[in-house]
Number of protein chains: 2
Amino acid sequence: MHGKSDHGEAFAPHDHAACQSRALVEAEERLSREGARLTPVRRRTLEILLEAHRAMGAYEVLDRLADDGFGRQPPVAYRALEFLVEHGLAHRLQRLNAFAACLHPGEDHAPVFLICRECDKVAETNAPRVRGELQAAAGGQGFTVERATIEALGLCPVCAEGRE
Amino acid sequence: MHGKSDHGEAFAPHDHAACQSRALVEAEERLSREGARLTPVRRRTLEILLEAHRAMGAYEVLDRLADDGFGRQPPVAYRALEFLVEHGLAHRLQRLNAFAACLHPGEDHAPVFLICRECDKVAETNAPRVRGELQAAAGGQGFTVERATIEALGLCPVCAEGRE
DNA sequence: TCTTGACTTGTTATTACATAACATGGGATG
DNA sequence: CATCCCATGTTATGTAATAACAAGTCAAGA
């Protein structure tokens, strides 16, 4: 058992135990302010995510919860994860999983998507400056960007108009 | 015309028929250059996406293909969509769908994720300038951003090191 | 103390999304 | 015309997510 592998440091090495417990303390404070409860499942779920320090699928989280004596059914994990996300203690990566035609196939583009939550229409815009800033931010951490997903969810001008 | 990009007009009313047929023509040109074939299913799939002008799930596309006499099984749609994406004629929105603990729950942040494809570790970085550029780009089209997903897939410094 | 009601956790069952593995048939190439 | 690649279709299965219901906990007020 050496330090380097099983429980990751983020990209930069750091005191993982400290960053976990700090996050847990902050979580408790935050929740008590909001009148929400960090129950055993929820707490354990957060710990699992913090220990892993990487993205985990809901079913992977569920397996660990089950090993720890919690329920074995999907809703157990989904509910706990949903709770954490709602209260800003965890993030959900990715959403839609859908397809849209590319409107400018000729150009070698790095598209940014604007998705209207009302009408589902998708605008594909070429925003090199967004990409540029992303590259810069990543480079600052020694991270090499190969592909990037940039999707904005909101209201298109037409739907925004219609709801005033 | 200002360059090849009238990208900005996606949400604005425009001539759908024209923009569809233009995309189809471009698709054919591009594919013939690459020696790939725009077969009936593939062509119809592209048409469906172009007509919809919005993001569609694979099964929704599949339903339409089936109505038009093509196969009714999921791989029919997935293969055609995959082909279009490979050749730059369509985009896939979103992939992973996983969870990660939030490391800075206190801050009112707009996180940007750096996901290493080797070790799955996720760094959460606060990149206001990326967000800023996104807001600017969206605003230029009259689009109101409510939430944005910004995820970069690539190599973290540790894994990049290990593969040289 | 007892009851009420909101909330949490657990279950079963089902729906949605995606791919593996295999069979068939057409069309270009030699 | 034989061959091979590729496209299309199938069946079957795997993975992700949610709906609907049952039961337990616990604090607040009668």
### Query
Taking N and O atoms by type only, does the side chain of Arg37(B) place a donor or acceptor under 3.5 Å from a partner on the base of dG27(C)?
no
### Query
In terms of side-chain geometry, is the basic nitrogen of Arg131(A) or Glu133(B) positioned less than 4.0 Å from the acidic oxygen of its partner?
no
### Query
To the nearest Å, how far apart are Glu82(B) CD and dA20(C) C1'?
13 Å
### Query
Quick one: Tyr59(B) OH to dT15(C) P, roughly how many Å, whole number?
14 Å
### Message
With the threshold set at under 4.0 Å for non-hydrogen atoms, list the residues of residues 64-74 of chain B touching DNA chain C in residue-number order.
### Response
Pro74(B)
### Nearest-Å distance for atom pair CZ/P, residues Arg79(B) and dG9(D)
8 Å
### Task
To the nearest Å, give me how far apart CE (Met56(B)) and P (dA18(C)) are.
14 Å
### Message
Could you measure the distance from the CG atom of Leu81(B) to the CG atom of Leu46(B)? Nearest 0.5 Å is fine.
### Response
10.0 Å
### Query
Within this structure, what is the CG-to-C1' distance between Asp63(A) and dA17(D), rounded to whole angstrom?
15 Å
### Query
Any side-chain heavy atom of Val145(A) within less than 4.5 Å of one from Phe143(A)?
yes
#### Entry: Salt bridge flag under 4.0 Å for residues Glu51(A) and Arg44(A)
yes
### Message
Please report the distance, rounded to the nearest Å, between CZ in Arg44(A) and P in dG10(C).
### Response
14 Å
### Message
Distance check needed: dT8(C) C1' versus Leu38(A) CG, whole Å only.
### Response
13 Å
### Message
Checking contacts here: which listed nucleotide (dT9(C), dT10(D), dT18(D)) is nearest the side-chain heavy atoms of Tyr78(A)?
### Response
dT18(D)
### Task
Could you state the atom-to-atom distance from CG of Leu62(A) to C1' of dT9(C) in whole Å?
13 Å
### Query
Do Glu82(B) and Arg79(B) sit within salt-bridge range, that is, some charged N less than 4.0 Å from a carboxylate O?
no
### Summary
Between Pro75(A) and Pro75(B), the residue closer to the 5' end of DNA chain D by nearest nucleotide is Pro75(B)
### Task
For a salt bridge (charged side-chain N to carboxylate O under 4.0 Å, His left out) with Glu28(A), tell me which candidate from Arg42(A), Arg37(A), Arg43(A), Arg33(A) qualifies.
Arg43(A)
### Query
What nucleotide, of dT19(C), dT8(C), dA17(D), holds the atom closest to the side chain of Arg42(A)?
dT8(C)
### Message
Regarding Arg30(A) and Glu34(A), does a basic nitrogen lie under 4.0 Å from an acidic carboxylate oxygen?
### Response
yes
